[in-house]
There are 2 protein chains.
Amino acid sequence: MVSNTDSSEALAQRLSDSGLRSTPQREVIYNLLLKKRDHPTAEEVFARAKPELPMISLATVYNCLEALVQCDLVRTVNFERGPTRYCPNLHPHAHFHDTKTGATHDIDLPAGLIDQVKSILPPGFEASSVEIIFRGKANTAPTQPTP
Amino acid sequence: MVSNTDSSEALAQRLSDSGLRSTPQREVIYNLLLKKRDHPTAEEVFARAKPELPMISLATVYNCLEALVQCDLVRTVNFERGPTRYCPNLHPHAHFHDTKTGATHDIDLPAGLIDQVKSILPPGFEASSVEIIFRGKANTAPTQPTP
DNA sequence: ACTAGGAATGAGAATCATTCTAATTAATTA
DNA sequence: TAATTAATTAGAATGATTCTCATTCCTAGT
């Protein structure tokens, strides 16, 4: 099992690789993103952090989230002009935005898809990233009630 | 050649199909989007409309753009949380955002690509739309100077 | 043509997410 | 330990968009 100390040190390492410091606020926020991976907004992160860090300010939440994005532990997701949402990254994935419920789902991308999509670019276009956003209804079956 | 009246009437038709009225402001704004297809923001549209309609207000620009979006003559494009940009639609296309210059380029999508991308969705996900955004550098050769 | 009722417009206030500022605190290095 | 540098906090400021509301414009129905 991964101990708390291990993940703290991994985070500290990642941060310092980007010239940033590890702080209690950054640790709490990163762990909270890992615990509930539902693409919270900064305000939601703020609310979830408060019980652990009652004095934390919204500005710090933004600062911490930006730090985590900078060291590539977290990705931002935007739908239209809604508030930015944060997702503890790793695998390449697309996002499915349920227009009914507002929920965001990660969609794993099969190997090669990104390259295949990039291959439609005319000469002269060098894409460093490709973002794919689906919109629609997700019929995510609720946890099956035992009959 | 398509006369001004023709396009006006086409616009009027589209608008009234969506229960909206044709107005001078909406016509000017739609024509201006068609004339320079560089994905302007509302503020930019505002600036371009003023010479023709000195009394137009920014609120009206937003209203008109929304009307055009509603009757499917115009699409919105968003990059992160930057201002919404407007693009007179029609073909299915992706967007390439030049991170160096900020310019937005339309990328035509080959037939079938959208369906192919949709096919990666796990069961239960019904996508009504797929958006593809590329980011990177575009080496769009400037209009070749005759030697 | 005339008028009632519903849109659309214009001007400015309000809102929302985010960024900035300045003062304070904490951590790291000399 | 002192000096530097970064991070935190609270609140002000910003920027895009939406809202409000008074006014004007159309459109039906008479």
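Protein chains get the first letters and strands the later ones, always in sequence-line order, with residue 1 at the start of each.
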Inter-end axis angle, the helix from C:dA1-D:dT30 to C:dA30-D:dT1, with every axis fitted to five base pairs (rounded, 10 degrees):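 That helix has its two terminal axes inclined by roughly 30°.
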
What is the per-nucleotide protein-contact pattern of nucleotides 25-30 of chain C, from the 5' end, where B denotes a base atom under 4.0 Å from a protein heavy atom, S denotes such proximity for sugar-phosphate atoms only, and - denotes neither? ------

For B:Thr84, what residues pass the side-chain hydrogen bond (donor to acceptor under 3.5 Å, both in side chains) criterion, not counting sequence neighbours?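 Here the qualifying residues are B:Asn78.
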
Holding to side-chain hydrogen bond (donor to acceptor under 3.5 Å, both in side chains), I want the full list of residues that pass it with A:Arg85, two or more places apart in sequence or in another chain. none

Do any pairs count as a ring pair (Phe, Tyr, Trp, His ring centres under 6.0 Å) and have a residue in [range], sequence neighbours left out, and if so which ones?
range                     : answer
residues 43-74 of chain B : none
residues 9-38 of chain B  : none
residues 70-95 of chain B : B:His39-B:His95, B:Phe79-B:His97, B:His93-B:His95

List for me each residue that meets side chain to side chain contact (heavy atoms under 4.5 Å, CB included) alongside B:Pro88, sequence neighbours excluded, and say none if there are none.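 Per chain and number, B:Pro88 pairs via side chain to side chain contact (heavy atoms under 4.5 Å, CB included) with B:Leu33, B:Leu34, B:Arg37.
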
Listed pairs under 3.5 Å, donor-acceptor, residues 11-21 of chain A side chains, sequence neighbours left out:
from    : atom 1 : to      : atom 2 : distance (Å)
A:Gln13 : NE2    : A:Asp17 : OD1    : 2.8
A:Arg14 : NH1    : A:Cys71 : O      : 2.7
A:Ser16 : OG     : A:Gln13 : O      : 3.4

Does a nitrogen or oxygen in the side chain of B:Ser57 sit under 4.0 Å from OP1 or OP2 of C:dA11? no

All N/O donor-acceptor pairs, side-chain side in residues 114-129 of chain A, below 3.5 Å, sequence neighbours left out:
from     : atom 1 : to       : atom 2 : distance (Å)
A:Lys118 : NZ     : A:Ala127 : O      : 3.4
A:Ser119 : OG     : A:Gln116 : O      : 2.5
A:Ser128 : OG     : B:Arg135 : O      : 3.1

Find every protein N or O atom lying less than 3.5 Å from an N or O atom of nucleotides 18-20 of chain C, and list the pairs.
from   : atom 1 : to      : atom 2 : distance (Å)
C:dT18 : OP1    : A:Thr84 : N      : 2.8
C:dT18 : OP1    : A:Thr84 : OG1    : 2.8
C:dT18 : OP2    : A:Tyr62 : OH     : 2.4
C:dT18 : O5'    : A:Tyr62 : OH     : 3.2

Any residue meeting salt bridge (charged side-chain N to carboxylate O under 4.0 Å, His left out) with A:Asp38, in chain and number order, not counting sequence neighbours: A:Lys36, A:Arg48

